[in-house]
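Everything on this sheet refers to the single structure shown next.
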Amino acid sequence: MSEASLLASQLWSQMPRVGGTRTRRRRKAKGDAKKRRLSDEQVRFLEMSFSDERKLASGRKAHLAAAIGLDGKQVAVWFQNRRARHKNKQLEEAYLKLKLEHEAVVIEKCHLENEVLQLKEKLLEAEEEIRKLSWSVNGGNLGSSFSTVGLQPTLGEFGMEEEAELAITDEYDFHNYTMEWTNPYGI
DNA sequence: CTTCCCTAATCC
DNA sequence: GGATTAGGGAAG
């Protein structure tokens, strides 16, 4: 508190240039005394208080204001702006984290898709093998009992070709989505 | 009342 | 040009 008076020596360091330069007040020229930077000491006090509690009870506001020689309103405004800054920082961190997670998932998806392709290939090979074996076991013309419920209907039921097309379509959409997602603010 | 949001004004 | 201080309005 005693420091406050010492700090107060350089409070309103600058006043708006009323003289030569243009000083349009925003919408209202309420009197003619506003704005200017807070001193380092004031900011340090405010930062300490903010780390204690990011919202202001009116009692603390008045106390703080008196301690560093500011309006209660200025303290309130400072806290609001500080909260906004903090929120933006958090948001950006969350975004970065999400982006990393997303990239990891994209990679995993890619691996899984490759795995699916390989498995499908193996499936085809295995079916080919079965066909050969059944042919050699049953002979050429006895295969009818097997072939009526044979492999082609099975393929049809599982919808292999349609699945493949869908997979390609999915991947296309997904990549478009990825590009937009990694660039939400155009940065 | 207070807080949030948008954004103008200002400083560096 | 980004960071900071403020004004004004909406929402609670």
Discussion item. I'd like to check the salt bridge (Lys or Arg N to Asp or Glu O under 4.0 Å) partners of A:Arg82; sequence neighbours left out, ordered by chain and number.
Written reply: A:Glu47
Worksheet, complete the sentence: Separation of B:dT7 atom P from A:Asn81 atom CG, nearest Å, is 15 Å
Practice prompt. Return no unless some side-chain N or O of A:Arg85 is found under 4.0 Å from OP1 or OP2 of C:dA3.
Written response: no
Practice prompt. Find the distance A:Arg37:CZ to C:dA3:P and express it as a whole number of Å.
Written response: 11 Å
Discussion item. Check this for me: does any side-chain nitrogen of one of A:Glu125 and A:Lys122 sit under 4.0 Å from a carboxylate oxygen of the other?
Written reply: no
Worksheet entry | Atom pair distance, as rounded to whole Å: CG in A:Leu46 and P in C:dA3 | 19 Å
Worksheet item: How far apart are the closest heavy atoms of A:Arg54 and A:Phe79, and which atoms are they?
Response: O-CD2, 3.7 Å
Item to complete: For A:Ala76 and A:Lys61, work out which heavy atoms get closest and say how close.
Response: CB-CD, 4.0 Å
Worksheet item: How far apart are the closest heavy atoms of A:Trp78 and A:Leu38, and which atoms are they?
Response: CD1-CD2, 4.3 Å
Worksheet item: Could you give the CD-to-C1' distance, from A:Gln42 to C:dT5, as a whole number of Å?
Response: 12 Å
Discussion item. Taking the side chain as everything from C-beta on, heavy atoms only, tell me whether A:Glu121 gets closer than 4.5 Å to A:Leu117.
Written reply: no
Response to the item:
Here the distance between atom C1' of C:dA6 and atom CD of A:Gln74, to the nearest Å, is 9 Å
Item to complete: Grab the CZ-C1' distance between A:Arg36 and C:dA6 for me, whole Å please.
Response: 9 Å
Practice prompt. Tell me whether A:Val43 is reachable from A:Leu70 by hopping between hydrophobic residues (I, L, V, M, F, W, Y) whose side-chain heavy atoms are closer than 4.5 Å.
Written response: yes
Fill in: Ion pair A:Glu93/A:Lys97, N-O distance below 4.0 Å
no
Item to complete: Compute the angle between the rotation axes at the two ends of the helix from B:dC1-C:dG12 to B:dC12-C:dG1, each taken over five pairs, rounded to 10 degrees.
Response: 10°
Distances under 3.5 Å between protein N/O atoms and the N/O atoms of nucleotides 1-5 of chain B, please, pair by pair.
{"unit_1": "B:dC4", "atom_1": "OP2", "unit_2": "A:Gln80", "atom_2": "OE1", "d": "2.7"}
{"unit_1": "B:dC4", "atom_1": "OP2", "unit_2": "A:Arg83", "atom_2": "NH1", "d": "2.5"}
{"unit_1": "B:dC5", "atom_1": "OP1", "unit_2": "A:Lys87", "atom_2": "NZ", "d": "2.5"}
{"unit_1": "B:dC5", "atom_1": "OP2", "unit_2": "A:Lys87", "atom_2": "NZ", "d": "2.9"}

Practice prompt. Show the numbers, then the answer: is there a salt bridge (charged side-chain N to carboxylate O under 4.0 Å, His left out) between A:Lys109 and A:Glu113?
Written response: CA-CA 6 Å; A:Lys109 178 178 184 287; A:Glu113 285 172 347; 2.3 Å; yes
Discussion item. Can you tell me if A:Trp78 touches the phosphate of C:dT5, counting only side-chain N or O atoms and a distance under 4.0 Å to OP1 or OP2?
Written reply: yes
Practice prompt. Rounded off to whole Å, could you give me the CD1-to-C1' distance for the A:Ile68 and C:dT5 pair?
Written response: 14 Å
Item to complete: Mind calculating the distance between CG (A:Leu38) and C1' (C:dA3) to the nearest angstrom?
Response: 13 Å
